2 protein chains.
Amino acid sequence: MNAVFKALADPTRRKVLELLRKQPMTAGELADHFPVSRPTMSAHFAVLREADLIESTKIGTTITYHLKLSVLEDALLGFARLFGTEAPNATANATQAIEPGHAQKGSTQ
Amino acid sequence: MNAVFKALADPTRRKVLELLRKQPMTAGELADHFPVSRPTMSAHFAVLREADLIESTKIGTTITYHLKLSVLEDALLGFARLFGTEAPNATANATQAIEPGHAQKGSTQ
DNA sequence: ATTTAATTTCGATGATTAGCTAAATACCAA
DNA sequence: TTGGTATTTAGCTAATCATCGAAATTAAAT
């Protein structure tokens with residue numbers, strides 16, 4: 001969890017995650033969204049990989065990254081839970097909030 | 001929001017927030033929970049203050065810190081919302097989840 | 001076999017950060 | 001005023017970090 005928060009501390013990396021939320025992207029495509037060099041972006045990817053927030057698949061010479069949303073959720077929720085006054089269903093609610101995409105439970109509204 | 005994530009990147013500071021969730025505490029009491037010097041703790045407090053995550057009140061020579069939960073919420077939720085597939089009511093749910101005890105929003109701190 | 005393309009690793013640099021001790025500040029009590 | 005307590009500021013060091021250009025790697029294309 002420390003690794004996740006460390007990874008989240010940099011705005012470039014947060015933006016990468018945000019881009020990756022919409023769809024998987026190659027390292028080059030991602031890099032095109034930022035005004036820094038390829039090696040710098042590669043280092044950011046390494047930090048995100050280290051935190052287990054993204055995963056890579058290689059096809060030919062191209063590396064595609066995709067978000068591991070559940071890891072992000074778990075870290076955020078694990079932390080958020082420390083601040084809820086021990087409401088047992090807090091987790092379920094917040095999971096809906098963060099990941100309504102594939103948390104398709106019968107939502108309360 | 002960047003300041004908040006930067007502040008959250010350090011485990012000592014996260015622990016401080018966690019302690020402060022239970023009750024306000026003085027700088028000295030907080031410091032007693034960590035194996036680092038007072039000045040170091042003071043620097044951590046400064047970072048948290050800078051991120052607007054804590055607030056201090058001074059009585060005599062003693063400084064009491066308390067958590068500004070709503071700021072923490074807003075940052076976490078603002079970020080989490082980026083990862084929800086555009087569910088507009090996600091915020092309301094997660095706010096409940098994180099702060100079920102005192103869910104009054106426009107708090108006058 | 002060469003060249004080209006995508007990405008990472010290497011090595012260096014400047015900036016930021018966490019930590020320390022010592023000193024300063026602010027306040028209270030005697 | 002002198003002394004003591006709580007906390008911060010100052011000044012420093014060591015470690016970590018974001019960044020770069022150059023070189024290495026890997027695979028495809030000619």
Side-chain angles (χ1 to χ4, degrees), chain A residues 1-20 22-68 72 75 79, chain B residues 1-20 22-68 72 75 79:
Chain A
M1 168 154 133
N2 192 31
V4 172
F5 276 101
K6 283 285 199 72
L8 256 29
D10 185 277
T12 296
R13 289 193 291 262
R14 287 198 303 273
K15 196 77 189 297
V16 166
L17 295 179
E18 204 180 323
L19 287 169
L20 248 26
K22 297 171 198 156
Q23 70 220 260
M25 288 176 91
T26 69
E29 285 169 343
L30 284 167
D32 286 339
H33 287 79
F34 301 88
V36 300
S37 71
R38 299 300 164 112
T40 295
M41 289 305 296
S42 186
H44 283 308
F45 299 150
V47 173
L48 292 170
R49 240 186 288 116
E50 185 65 28
D52 202 30
L53 286 168
I54 62 175
E55 216 168 41
S56 64
T57 60
K58 191 173 184 176
I59 295 180
T61 169
T62 297
I63 293 176
T64 299
Y65 283 109
H66 69 90
L67 180 62
K68 293 181 73 172
L72 181 61
F79 181 70
Chain B
M1 171 158 131
N2 192 31
V4 172
F5 276 102
K6 284 283 199 72
L8 257 27
D10 185 277
T12 296
R13 288 192 292 262
R14 287 198 303 273
K15 195 77 189 295
V16 167
L17 296 179
E18 204 179 323
L19 287 169
L20 248 26
K22 297 170 198 158
Q23 71 221 260
M25 288 175 91
T26 70
E29 286 169 342
L30 284 167
D32 286 341
H33 287 79
F34 301 88
V36 301
S37 72
R38 300 298 166 111
T40 295
M41 289 305 296
S42 185
H44 283 308
F45 299 150
V47 172
L48 291 170
R49 240 187 289 117
E50 184 65 29
D52 202 30
L53 285 168
I54 63 176
E55 215 167 43
S56 64
T57 60
K58 190 172 184 176
I59 295 180
T61 169
T62 299
I63 293 176
T64 299
Y65 283 109
H66 69 90
L67 180 63
K68 292 183 73 172
L72 182 60
F79 181 70

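All values reported here derive from a predicted model rather than from experimental measurement. Within every chain, numbering begins at 1; the chains are lettered A, B, ... in the order of the sequence lines, protein sequences first and strands thereafter.
- Considering CG of B:Asp10 and NZ of A:Lys6, their distance stands at 7.5 Å, rounded to 0.5 Å.
- Axis angle across the helix from C:dA1-D:dT30 to C:dA30-D:dT1, with five pairs used at each end and values rounded to 10°: 10°.
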What do the steps show when you test A:Leu48 against A:Leu17 for side-chain contact (heavy atoms from CB on, under 4.5 Å), and what is the final call? CA-CA 9 Å; A:Leu48 292 170; A:Leu17 295 179; 3.9 Å; yes
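- Taking B:His33 as the reference, nothing meets the side-chain hydrogen bond (donor to acceptor under 3.5 Å, both in side chains) condition, with sequence neighbours excluded.
- Side-chain atoms of B:Leu30 and B:Leu19, non-hydrogen and from C-beta on, do get closer than 4.5 Å to each other.
- Residue B:Lys6 places at least one side-chain N or O closer than 4.0 Å to OP1 or OP2 of C:dT17.
- To the nearest 0.5 Å, atoms CD (A:Gln23) and OG1 (A:Thr64) are separated by 11.0 Å.
- Note that NE2 of A:His66 is 8.5 Å distant from CG of A:Leu20, once rounded to the nearest 0.5 Å.
- Applying the side-chain hydrogen bond (donor to acceptor under 3.5 Å, both in side chains) test between A:Tyr65 and each of A:Glu55, A:Arg49, A:Glu29 identifies A:Arg49 as the sole match.
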Exercise answer: donor-acceptor pairs, residues 38-45 of chain A side-chain atoms, under 3.5 Å, sequence neighbours excluded:
{"unit_1": "A:Arg38", "atom_1": "NH2", "unit_2": "A:Asp32", "atom_2": "OD1", "d": "2.8"}
{"unit_1": "A:Thr40", "atom_1": "OG1", "unit_2": "A:Ser37", "atom_2": "OG", "d": "3.1"}
{"unit_1": "A:His44", "atom_1": "ND1", "unit_2": "A:Arg13", "atom_2": "NH1", "d": "3.1"}

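- Near DNA chain D, defined here as any heavy-atom distance below 4.0 Å, there are no residues from residues 23-33 of chain A.
- The environment of CD in B:Glu50 is sparse: at most 12 heavy-atom neighbours from other residues, nucleotides or ligands sit within 6.0 Å.
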Criterion side-chain contact (heavy atoms from CB on, under 4.5 Å) on B:Lys68 and B:Asp52, from CA distance to verdict: CA-CA 7 Å; B:Lys68 292 183 73 172; B:Asp52 202 30; 2.8 Å; yes
Using side-chain contact (heavy atoms from CB on, under 4.5 Å), reason through A:Leu8 and B:Phe79 one step at a time and then give a plain yes or no. CA-CA 10 Å; A:Leu8 256 29; B:Phe79 181 70; 4.2 Å; yes
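- Within residues 34-51 of chain B, the residues having any heavy atom closer than 4.0 Å to DNA chain D are, in order of number, B:Arg38, B:Pro39, B:Ser42, B:Phe45, B:Arg49.
- Between atom CE of residue B:Met25 and atom CG of residue B:Leu67 there is a gap of 12.5 Å, rounded to the nearest 0.5 Å.
- Taking a heavy-atom distance under 4.0 Å as the criterion, the stretch of DNA chain D touched by chain B extends 5' to 3' from D:dT5 to D:dT9.
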